[in-house]
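Model, not experiment: these values are computed from the prediction.
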Amino acid sequence: MSSSMLVVTAHVGDFVWRCGGAMALHAQRGVPVHLICLSYGENGESNAAWQGAAPVERDAVKQLRRAEAEAAAEILGVASLDFYDLGDYPLPESPESVQRISQTMRATKPAVVLTHPEHDSSNLDHCRTYEMVLRARMHAMAPGHGADHVVPPQVLCFEPHQSELCGFKPNLLLEITAVWEQKWQAMQAMPTQRNLWAYYERVALQRGAQAGRRAKSAGTLYGEAYQSIFPAVVPAFVE
């Protein structure tokens with residue numbers, strides 16, 4: 001059974017806010033964490049970079065966001081990072097991009113893929129990413145596309161920015177208290193979106209409180225919420 005993790009996000013900041021804790025936690029345990037950022041988010045996710053009196057070049061914004069993502073990924077212990085530079089707002093979808101994701105799945109053989117949920121009316125880039133991931137998964141698991149086809153990985157959708165608008169119903173709560181400081185440092189490595197720091201700290205505390213209640217744990221906890229797409233297969237309900 002493969003023990004790697006693949007994260008696929010629409011924009012460079014998404015992995016930090018939504019699943020940075022999961023990435024750090026598994027990297028700390030020796031699980032290779034691979035990351036794909038489909039765009040730099042230069043058009044719609046980099047407002048602070050465009051502010052100021054002096055004109056700003058789009059390539060300069062891209063390089064800034066790339067540097068932030070690389071710094072954050074290093075803090076979280078990412079094993080490999082790939083930038084597709086597809087552009088954003090809107091994010092284009094193509095058979096070539098799907099095949100490229102599929103090739104990464106075949107190379108890394110992940111046990112789990114983390115990505116955006118199916119519905120996000122506020123950001124259609126996220127919806128397109130979800131669909132491309134599922135198409136790539138189908139391509140990667142099909143033996144007719146090559147002998148190196150993969151065991152179908154589970155797909156976990158991380159929490160969107162406004163879950164109440166996306167029909168997001170988490171069925172997994174991950175307690176990330178042990179790696180919260182890493183996630184916080186990774187968040188601070190993205191000053192272009194510093195307006196999200198406090199918001200995602202509140203989200204982590206809220207999900208941590210819910211996780212603590214479920215597990216009957218005391219103290220301040222931090223958490224992340226996920227929704228599994230496929231049923232889990234277990235040998236028994238009670239071991």
Problem - Polar contact flag, side-chain donor to acceptor under 3.5 angstrom, Thr108-His34 - result: no
Handout entry: No-hydrogen, no-angle side-chain donor-acceptor test under 3.5 Å, Arg106 and Gln103
Key = no
Problem - Test salt bridge (charged side-chain N to carboxylate O under 4.0 Å, His left out) applied to Glu118 - qualifying residues, sequence neighbours left out - result: none
Handout entry: Under 3.5 Å: donor-acceptor pair, side chain of Glu224, backbone of Gly21
Key = yes
Handout entry: Of Ser80, Pro153, Pro110, the residue whose pairing with Ser4 passes side-chain contact (heavy atoms from CB on, under 4.5 Å)
Key = Pro110
Handout entry: For Asp14, salt bridge (charged side-chain N to carboxylate O under 4.0 Å, His left out) partners two or more places apart
Key = Arg18
Problem - Cation over ring face, Arg137 and Phe230, 6.0 Å, 45° - result: yes
Handout entry: Salt bridge flag under 4.0 Å for residues Glu159 and Arg207
Key = yes
Problem - Pair Arg65 + Glu68: basic N to acidic O under 4.0 Å - result: yes
Exercise for the section: In plain terms, say whether Asp82 and Arg100 are close enough for a salt bridge, that is, a side-chain N and a carboxylate O under 4.0 Å apart. Expected result: yes
Exercise for the section: Return yes if a side-chain donor-acceptor contact under 3.5 Å exists between Glu201 and Tyr199, otherwise no. Expected result: no
Problem - Close aromatic pair by centroid cut-off 6.0 Å: His119 and Phe168 - result: no
Problem - Pairs meeting criterion ring pair (Phe, Tyr, Trp, His ring centres under 6.0 Å) with involvement of residues 71-103, two or more places apart - result: His11-Tyr89, Tyr40-Phe83
Completion exercise
Here the salt bridge (Lys or Arg N to Asp or Glu O under 4.0 Å) pairs for residues 27-40, sequence neighbours left out, are none
Fill in the blank from the handout: Asn171 meets the side chain to side chain donor-acceptor pair (under 3.5 Å) criterion, sequence neighbours left out, with Ser228
Handout entry: Non-hydrogen side-chain atoms of Ile229 and Leu156 separated by less than 4.5 Å
Key = no
Fill in the blank from the handout: Apart from Val56 itself, its cluster of hydrophobic side chains linked below 4.5 Å comprises Trp50, Val61
Practice task
For residues Ile36 and Thr9, determine if any side-chain heavy atom of one lies less than 4.5 Å from a side-chain heavy atom of the other.
Solution key: no
